[in-house]
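Data block below; observations after.
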Amino acid sequence: MAEEKEKKASAILIDVTYTMREGKPVIVLLMKGKRFFRLYDANFEPYFYLDAPKKEIPKIEKAKAPHAARAGLIPQAARVEEEERIIEGKTKALLKVFCNFPAAVPLIREELREFGAYEYRIQYAKRYMMDRGWQFFSRITYIRKGKYLQKILKCTPDVPLNFNTLAFDIETYNPQGMPKPKDDPVIMVSYATRKEAKVLTYKKIDKSFVETLKDEERMISEFCNVLKKEDVEFLVGYNSSVFDLPYLGERASALGVRLELGRDGSSFSVRKFAQKTIAKIRGRVHVDAYPIIRFMGLIGSLKISRYTLENAYIEITGKKSETKGKVQRLEIHKMWDDEKQLPLLAEYSRNDARETLEIAQRVLPMQIEMSKLVGLSLADVSTSTAGQLVESLLMFRSCRQGIIIPNKPHEGQVKERELNPIQGAFVKLPKPGIYDNMVVFDFRGLYPSIICSHNIDPYTLLPKGAGESDAYTSPLGHRFAKSPQGIIPKVLEEVVHLRSELKGKLKKLEPDSEEYSAVFAKSQALKILANSYYGYLAYARSRWYSRECAESVTAWGRHFIQHTISEAEKCEFEVLYGDTDSIFLLLGKKKKEDALSFMEKINKSLPGNMELELEGFYPRGVFVTKKVDKEGKGAKKKYALIDEKGRIKIRGFELVRRDWSAIAKKTQGDVLMAILKEGSKENAVKIVKDTIERLRTGKVPLEELTIYTQLKKDPSNYEIMSPELSAAKKAIKRGVKLEKGAMIGYVIAKKGASISEKAEIAEYAKDYDADYYINRQILPSVLKILAELGFSEDDLKFAGSQSNLGKYF
DNA sequence: GACTAGCGGGG
DNA sequence: GTGTACGCTAGTC
């Protein structure tokens, strides 16, 4: 082969992975030029740091290497260099041990256990990014030889880019509730881009946006063609990592058709962990919008009451969903079988793809800014927790400053940390009850300010009994050296500073301009980061975990929130509830403007970047406290609010799960609504009593009593009997086929001793156990709300004892 | 009280 | 993949 010439080039960096070629690791860079392409870098060696004198490094003859052995690789420490790094504030000479492939690093480290070791559990691609000092979505200028990177010239931040984005959604034939890919076909694949939104299917439907293929196989293949033809860069779905892609994958293999989603004709890969599933497609960026929305909802960046596609769309965009209420999910298979309903089903499908695209367009700018800031790829950012974002940023900065990255804790340490939770946040418990007209303020810049202004960092923390020195002493007595500045306050200060600069910039920009959106997205990302530092210090798996730091933060925090509460009281607001970083004030006779001017007044008096922010106005709310221990310490937050748009915000009530019967969910919802919309306890109680009466007299249909639970394992593999397992086993005896993954819809019937014994698959159940539904479904769900509003179980249960209730009304 | 198991989203 | 990550609740043993 002729020697390739060196050429100068530049492109945008999108993602980094690695592959093995001839026993050596090669970094694979996903780049965007005119199109996406791959660029390879063979000039990067895996390594870790060893705290050992140079001469004593033993020669590694062989290391246990189960994975590597399969590939015929022998882990080797290729060479060793001496390098100075900063550990706990002091410069130290360490050995940099280079290994022949990435997976060899932890293996070789294991062989050298007698020495201290660092940075031996850092993903190779991340190591690469850190050492290069690159950012994603930046322009890399380089010299290449063929597809190989020869020399790096520079990395410069790039202007915003438009990516070829396609959102997709599938519909499946679902005669038994959740479809089973083994039996139930995909009936439609819809997609939406900036230009068009289409539905692929294999039945004739008289709609211009429908393309009818010959069969399911060809429909799936056509979808792959569309990705190729459209040169899709970002492929977006909603819960697509868990549902759509795996489903398409299983159908494709059942049908014997190739699912060529990747740019190289490959399919996709899924990695599953505890609660996280990530699907990757080679040569494109697959983004599942669901975890993003969930994340933003949980941290309060978005106000979302339920995370269904339709609900998320409505609440994020403020628009109506075009097909809302027109299609019942359980009826989809019937619509497919009914010619007259096919057009509506196609519209529904197209609409789902459109809504997914719109949601993505709203949240991706922030995700991209986050990716640039913390050094994780877009796909990684979209599935990360707040702690992982902060950790990634700290790792990059630590590396850049020559500071050793602290090791991840061992499982034992994690357990110990979890058993010993951080205490100290201030909670002013509300008097349980129903309240009108509240204003809620969040105090979220509080903790970042505290961390920065007291130099709180695991490595500025002075040991107990250390001599006199210039230090900040927390209310708990922990002392933090005033200098040098710790890496955590240093990086956090940069984040906070940059954000306040951007906020200034935003004020001067046109709110509808493209620049405004870009700056806003970045400012949003910075805000999330700043607010995540405290949680990161207190997070058991954190590399920078410090109990002393975390509890010092909360201790100082109490001071400021208590100050704010007393100021509010001075201004004659009644402070209903305060927890950690938020306060709930009753407006009473005061106006909204009074609340806002109170906020401004407080903000003027706060040091640094501390800021009280308006979370919202709420016409009504219900508060319940559930004491966790005798002293009322650790009382759980339980409240429900209704905002001015009629949206409900619930904390701690857990309404919407399929493992509660419909009647329990409905009754709890009705009770909450009676309280929030009408402010009426009487109606709430009446709803409960009526429901109990209906249950007692056997008037409730079994559909409302069915509880759905999935069997995550094969029925024979369980250690413990549960109602769903017992119901499933009885059905299996009758010849029903139920295996791993089956959704069990069961009813608690009369016959049997334990709950499990009473459980019957809904279609075989002849009666129901009213006591179970009253005592284990209705009462617990509504008592969560009504118990501390002055009602006891008996008040709700005994319809005949009305006289007892007189005292409450 | 310790332990097991499932929820979320998707149809 | 330089692995094994949530936070909570109900029911069983």
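Protein chains get the first letters and strands the later ones, always in sequence-line order, with residue 1 at the start of each. Every heavy atom of this structure was used, including side-chain atoms; hydrogens, water molecules and symmetry mates were not.
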Worksheet item: Closest to the A:Met178 side chain: C:dT2, B:dG10, B:dG9?
Response: B:dG10
Worksheet item: If you check the A:Trp660 side chain, which of C:dA10, B:dG11, B:dA5 turns out closest?
Response: C:dA10
Response to the item:
Picking from C:dG3, B:dC7, C:dA5, the nucleotide nearest the side-chain atoms of A:Gln388 would be C:dA5
Item to complete: Please check if any side-chain donor atom of A:Asp352 sits under 3.5 Å from a side-chain acceptor atom of A:Ser190, or the reverse.
Response: no
Worksheet entry | Check: A:Thr172/A:Asn174 side-chain N/O donor and acceptor closer than 3.5 Å | no
Worksheet item: Do A:Glu119 and A:Arg85 pass the salt bridge (charged side-chain N to carboxylate O under 4.0 Å, His left out) test, and can you show the C-alpha distance, the side-chain angles, and the key distance before you say yes or no?
Response: CA-CA 12 Å; A:Glu119 305 192 5; A:Arg85 298 262 102 185; 5.0 Å; no
Worksheet, complete the sentence: Winner on side-chain proximity to A:Thr308, out of B:dG9, B:dG11, C:dG11, is B:dG9
Worksheet item: Is A:Lys126 touching bases, backbone alone, or none of the nucleic acid, heavy atoms closer than 4.0 Å?
Response: nothing
Practice prompt. Would you indicate which nucleotide in C:dT4, B:dG9, B:dG11 comes nearest to any side-chain atom of A:Ile332?
Written response: B:dG11
Discussion item. A quick test of your reading: do over 12 heavy atoms of other residues, nucleotides or ligands sit less than 6.0 Å from NZ of A:Lys303?
Written reply: yes
Response to the item:
Taken to the nearest whole Å, CD1/A:Ile278 to C1'/B:dG9 is 15 Å
Discussion item. If I take atom CD in residue A:Glu724 and atom P in nucleotide C:dT12, what distance separates them, rounded to the nearest angstrom?
Written reply: 9 Å
Discussion item. Taking the minimum atom-to-atom distance to the side chain of A:Pro106, which one of C:dG3, B:dG11, B:dC7 wins?
Written reply: C:dG3
Item to complete: Measure from CG on A:Asn407 to C1' on C:dT2 and round the result to the nearest Å.
Response: 12 Å
Worksheet item: Checking all strands, does A:Arg776 fall into the base, sugar-phosphate, or nothing category for heavy-atom contacts under 4.0 angstrom?
Response: sugar-phosphate
Worksheet entry | Sugar-phosphate only, base, or nothing, as touched by A:Tyr772 at under 4.0 Å among non-hydrogen atoms | sugar-phosphate
Worksheet item: Any salt bridge between A:Asp131 and A:Arg127, counting N to O under 4.0 Å?
Response: yes
Worksheet item: Which nucleotide, C:dT12, B:dG11, C:dT2, lies nearest any side-chain atom of A:Tyr120?
Response: C:dT2
Fill in: Proximity to the side chain of A:Arg294 - top-ranked nucleotide from B:dG6, B:dG8, C:dT12
B:dG8
Discussion item. Do the side chains of A:Asp41 and A:Arg132 get close enough for a salt bridge, i.e. N-O under 4.0 angstrom?
Written reply: yes
Item to complete: Could you state the atom-to-atom distance from CG of A:Asn351 to C1' of B:dG11 in whole Å?
Response: 16 Å
Fill in: C1' atoms of B:dG9 and C:dC6, separation to the nearest Å
15 Å
Worksheet entry | Check: A:Tyr173/A:Asp337 side-chain N/O donor and acceptor closer than 3.5 Å | yes
Discussion item. Under 4.0 Å, counting only non-hydrogen atoms across every strand here, what does A:Lys272 touch: a base, just sugar-phosphate, or nothing?
Written reply: nothing
Worksheet entry | Pairing stems for DNA chain B [at least three consecutive pairs; Watson-Crick or G-U; under 3.5 angstrom] | B:1-8 with C:6-13
Discussion item. Just the rounded figure in Å: distance from C1' of C:dA10 to CG of A:Leu725.
Written reply: 15 Å
Practice prompt. Please state how far atom CE in A:Met188 lies from atom P in B:dG10, giving the value in whole angstrom units.
Written response: 18 Å
Worksheet item: Base, sugar-phosphate alone, or nothing: which one does A:Thr385 contact when heavy atoms must sit under 4.0 Å apart?
Response: nothing
Response to the item:
Winner on side-chain proximity to A:Arg306, out of C:dT2, B:dG9, B:dA5, is B:dG9
Discussion item. When you measure from the centre of the six-membered ring of A:Tyr307, is the NZ or CZ of A:Arg294 closer than 6.0 Å and no more than 45° off the axis?
Written reply: yes
Practice prompt. Let me know the distance between CG of A:Asp714 and C1' of B:dG6, rounded to the nearest Å.
Written response: 17 Å
Worksheet item: Base, sugar-phosphate, or nothing: which does A:Asp352 touch, judged by heavy atoms less than 4.0 Å apart?
Response: sugar-phosphate
Worksheet item: How is A:Glu411 classified with respect to the nucleic acid when contacts are heavy atoms under 4.0 Å: base, sugar-phosphate, or nothing?
Response: sugar-phosphate
Worksheet item: Between A:Arg109 and A:Tyr120, is NZ or CZ placed under 6.0 angstrom from the six-membered ring centre and within 45° of the ring axis?
Response: yes
Worksheet entry | Touch class at under 4.0 angstrom, heavy-atom based, for A:Asp288 against every strand present | nothing
Discussion item. Rounded to whole Å, please give me the gap between OH in A:Tyr290 and P in B:dC7.
Written reply: 12 Å
Practice prompt. Determine, using ring centers only, whether A:Trp336 and A:Tyr202 are less than 6.0 Å apart.
Written response: yes
Discussion item. Mind checking if A:Tyr247 touches a base, just sugar-phosphate, or nothing, with heavy atoms under 4.0 Å?
Written reply: nothing
Worksheet item: At under 4.0 Å between heavy atoms, what does A:Lys276 touch on the DNA or RNA strands: base, sugar-phosphate, or nothing?
Response: base
Discussion item. Over all strands shown, is A:Leu309 touching base, sugar-phosphate only, or nothing at heavy-atom distances under 4.0 angstrom?
Written reply: sugar-phosphate
Worksheet item: Within the structure shown, what part of the strands sits under 4.0 Å from A:Tyr307 by heavy-atom distance: base, sugar-phosphate, or nothing?
Response: sugar-phosphate
Item to complete: Using a 4.0 Å heavy-atom cut-off across all strands, classify A:Tyr718 as base, sugar-phosphate, or nothing.
Response: sugar-phosphate
Discussion item. Quick check for you: among C:dT4, C:dT12, B:dG8, whose closest atom lies nearest to any side-chain atom of A:Ile720?
Written reply: C:dT12
Worksheet item: OP1 or OP2 of C:dA5 sitting under 4.0 Å from any side-chain N/O of A:Arg541?
Response: yes
